Amino acid sequence: MKQQELLRRLPSVDEVLKSPRGAGWLDAHPKRYVLQAVREVIAFKRMEILAGGTPDVSPDAVATDVELRIERLTAKRLRPVINATGVVIHTNLGRAPLPPDVLRNVVEVARGYSNLEYDLDSGTRGERYDHVRWILREITGAEDALVVNNNAAAVLLCLSTLARGREVVVSRGELIEIGGAFRIPDVMLQSGAVLREVGTTNKTNLGDYEGAVDRERTALLLKIHQSNYRVIGFTEDVPIGELVGLGRREGVPVMFDLGSGCLTDLRPYGIHDEPLVHDVVGAGVDIVTFSGDKLLGGPQAGIIVGRKDLTDRIAAHPLARAVRVDKLTLAALESTLLCHADPEKAKEKIPVLRTLLQGEEAIRRRAKRIMLLLKRSLGDAEVSVEQDESQAGGGALPGVSLPTYVVTLKVRGVSARHIEQSLRRGPVGVIARIKSGRVVFDARTIRDSEVKPLVQAVREAAG
Ligand SMILES: *Cc1c(COP(=O)(O)O)cnc(C)c1O
């Protein structure tokens, strides 16, 4: 066909919009993206023609291209991915997946109005924290509880309220960075508290704390859980009970930033160094802070539990308003905590716990299934199942190795880098890693329902 003829046949924006398939686009998508897509497709075809090409300019072909383009333009930027890294609490991948019951509750509450700050008994203004206060008190044994946006905010708020302009005593072995620029000395500065470091990197004893405490100057004794690292070898730190004893003698409150905030006893599973919130509260710590989306397995949140006279002051601080949680978080947190009320069921219901504690045999079976499906769909690829170790991640259980099974893949003529990248960028979004020139999929964090989409994605990425 002649160039002139093709150009003449190329439909106008109006014609495309009025075509039979075009009618639905404006109903389903924002007008600006529909128009943009139509204009771009026509302009692209025109360019092709002028360059000597012969693109299909039939109404159907144009409509198909426009639909693809609209899909691209309106695709969600934030979307689900398959976590094949084996890192259970992966901050970059959204930390804790939520249980179906919890999601249902979020939808129920968020769909319409709720009693977020309304007391249904008295018909007067209520408190948003009341919805989770009772269950947090029950589960942790604390006198009172408060919830803010995340644990970083919880720590900042507690320090700002309890220690502005006064000293906070911290061991040099606990001056941590969590990642994302959350460093204890910086948070301290931001809160207006004065950091009083004691001890050394590897050893801090009670005498170090005693030497630094002063009834006038000291606002808090602060202990911070070594969430994402371990100091091993010639080490010493002060058990929380002894710190509480010192605090009592000197009339100084003790605060413990637990980070992960474990509600489930993991000792039967060989995981020993994650303190239970209940035990820490029971040891007499005055204020305890922890995350909602680490080992607790719920929504992003910062939970503060402890002495009521202190939590009352914390709740009244102006910063509390700035870091307050919304109804979606509260709805998710309340139902996650309800799952924790029965520790045995929690291990089944809460994805973080289930993924962490699942038996090796179940992981091995899933890995084998993935291997078989990959072999079947990839023909002559080298696929095998190997033993490996997964990580808990998210500032929990450093140094704890979780035995797992991984599927490793090598496809002749296609580099591992290419497959890994195509998987990441593809429509499903599979996050895998590379080890010794092979793509590695850790079966621990892959859900059974994700096996088929994963295999399909690999087939496309390796093709
Ligand atoms: C993870 C962590 C934090 C920060 O908690 P977020 O919920 O991520 O804000 C603070 N302190 C410790 C010890 C942590 O492990």
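Treat the numbers as computed from the prediction; the structure is a model and nothing was measured. First listed ligand is number 1; within each ligand, the first listed atom is number 1.
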| query | Taking N or O atoms only and a 3.5 Å limit, does Ala152 qualify as a polar contact for ligand 1? | reply | yes
| Purely on distance, is any nitrogen or oxygen of His225 under 3.5 Å from one on ligand 1? | no
| note | ligand 1 to Asn150, heavy atom cutoff 4.0 Å, flagged ligand atoms 7 (O), 9 (O)
Could you check whether [Y] and [X], counting side-chain N and O atoms only, form a donor-acceptor pair closer than 3.5 Å?
X      : Y      : result
Thr355 : Thr445 : no
Ser390 : Arg444 : yes
Thr289 : Asp257 : yes
Arg424 : Gln421 : no

| Residues in side chain to side chain donor-acceptor pair (under 3.5 Å) with Ser160, at least two apart? | none
Check each heavy atom of [X] against ligand 1 and say whether those closer than 4.0 Å belong to the side chain, the backbone, both or neither.
X      : answer
Ile176 : side chain
Lys294 : side chain
Arg95  : side chain

| message | Keeping Asp293 on the side-chain end and Ala96 on the backbone end, is there a donor-acceptor pair under 3.5 Å? | response | no
| message | Could you work out, for atom 7 (O) of ligand 1, the closest of Gly302, Ser291, Gly261 by heavy-atom distance? | response | Ser291
| message | As a check for students: among Leu296, Val148, Asn151, identify the option with a heavy atom nearest to atom 5 (O) of ligand 1. | response | Asn151
| Hey, is Asp257 one of the residues with a heavy atom under 4.0 angstrom from ligand 1? | yes
| note | CG (Leu374) and CG (Leu454) are apart, to the nearest 0.5 Å, by 6.5 Å
